[in-house]
Amino acid sequence: MIETDYVLNNFLSIEENAETYRSYMENPTNGTIEELDKQFKNHFYKIRCISYFIKMIHFESKHFDIKERKYRNDFVLSINKENESGYRNIELIADH
């Protein structure tokens, strides 16, 4: 959950929003409240989108790391390991 004070302070830190708020406080009409409401909804939507993308990047990076670790553990390259034919891999490397 996003802290309300942070959202409001961030909203009012934008000069256009602060101007609309001051206009509403001086002359509270339906037009000014609708404009203020529209600006706040737009601002809050942006915050929600940014929050979503941050979470998505975080979880995708964790998923990628888990997948890469599993792949590295499943396919360990060992030169001294025996293959299907009974030879060690190091014996199959040509020496010029």
Side-chain angles (χ1 to χ4, degrees):
M1 184 172 174
I2 300 173
E3 190 175 322
T4 306
D5 289 343
Y6 172 77
V7 174
L8 288 175
N9 289 336
N10 190 280
F11 174 74
L12 293 174
S13 69
I14 299 169
E15 186 57 39
E16 181 183 352
N17 299 338
E19 182 62 36
T20 305
Y21 178 71
R22 283 191 291 274
S23 174
Y24 168 72
M25 292 304 286
E26 292 170 0
N27 185 17
T29 63
N30 285 340
T32 55
I33 195 165
E34 287 174 6
E35 181 63 26
L36 185 63
D37 190 48
K38 183 176 105 179
Q39 287 177 344
F40 183 76
K41 286 179 181 178
N42 186 27
H43 180 75
F44 194 71
Y45 177 77
K46 288 178 185 177
I47 289 175
R48 287 181 54 207
C49 286
I50 291 169
S51 176
Y52 169 76
F53 287 124
I54 288 170
K55 289 174 186 173
M56 185 177 70
I57 290 170
H58 172 76
F59 288 115
E60 283 299 316
S61 66
K62 283 178 71 173
H63 175 70
F64 178 78
D65 185 52
I66 290 169
K67 186 173 74 172
E68 282 297 309
R69 287 175 192 247
K70 183 180 181 320
Y71 179 81
R72 287 188 191 128
N73 287 336
D74 288 349
F75 299 102
V76 176
L77 179 62
S78 177
I79 200 163
N80 206 21
K81 195 180 198 179
E82 275 192 22
N83 61 16
E84 305 84 44
S85 54
Y87 293 104
R88 291 185 331 178
N89 290 334
I90 197 165
E91 294 171 348
L92 301 175
I93 298 175
D95 183 20
H96 299 289

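Since this is a predicted model, take the numbers as computed values, not measurements.
Annotation: the span from Asp5 atom CG to Asn10 atom CG amounts to 12.0 Å, rounded to 0.5 Å. In this structure, Thr20 OG1 and Ile33 CD1 are separated by 12.5 Å, a value rounded to the nearest 0.5 Å.
Every residue meeting the side-chain contact (heavy atoms from CB on, under 4.5 Å) condition with Tyr45, not counting sequence neighbours, appears here in chain and number order: Cys49. Qualifying side-chain contact (heavy atoms from CB on, under 4.5 Å) partners for Thr29, counting only residues two or more places apart in sequence or in other chains: Asn27, Thr32. For Arg72, there are no side chain to side chain donor-acceptor pair (under 3.5 Å) partners two or more places apart in sequence or in a different chain. Partners of Phe11 according to the ring pair (Phe, Tyr, Trp, His ring centres under 6.0 Å) rule, which considers only residues two or more places apart in sequence or in another chain, are Phe40, His43. By the side chain to side chain donor-acceptor pair (under 3.5 Å) test, Asn30 pairs with no residue at all, sequence neighbours left out. Taking the side-chain contact (heavy atoms from CB on, under 4.5 Å) definition, one finds that Tyr71 meets it with Phe75, sequence neighbours left out.
Here side-chain hydrogen bond (donor to acceptor under 3.5 Å, both in side chains) pairs that include residues 53-63, with residues two or more places apart or in two chains, number zero. Sorted by first and then second residue, the pairs that involve residues 14-30 and meet salt bridge (charged side-chain N to carboxylate O under 4.0 Å, His left out), not counting sequence neighbours, are Glu15-Arg22, Glu19-Arg22. Screening residues 29-43 for salt bridge (charged side-chain N to carboxylate O under 4.0 Å, His left out), with sequence neighbours left out, gives Glu35-Lys38, Asp37-Lys41.
In this structure, Met56 belongs to a hydrophobic cluster whose other members, linked by side-chain heavy atoms under 4.5 Å apart, are Tyr52, Phe53. Taking a 4.5 Å side-chain heavy-atom cut-off between Ile, Leu, Val, Met, Phe, Trp and Tyr, the cluster of Ile54 extends to Ile50.
Residue Tyr24 is not grouped with residue Ile14 when hydrophobic side chains (ILVMFWY) are merged at heavy-atom distances under 4.5 angstrom, including chains of intermediate members.
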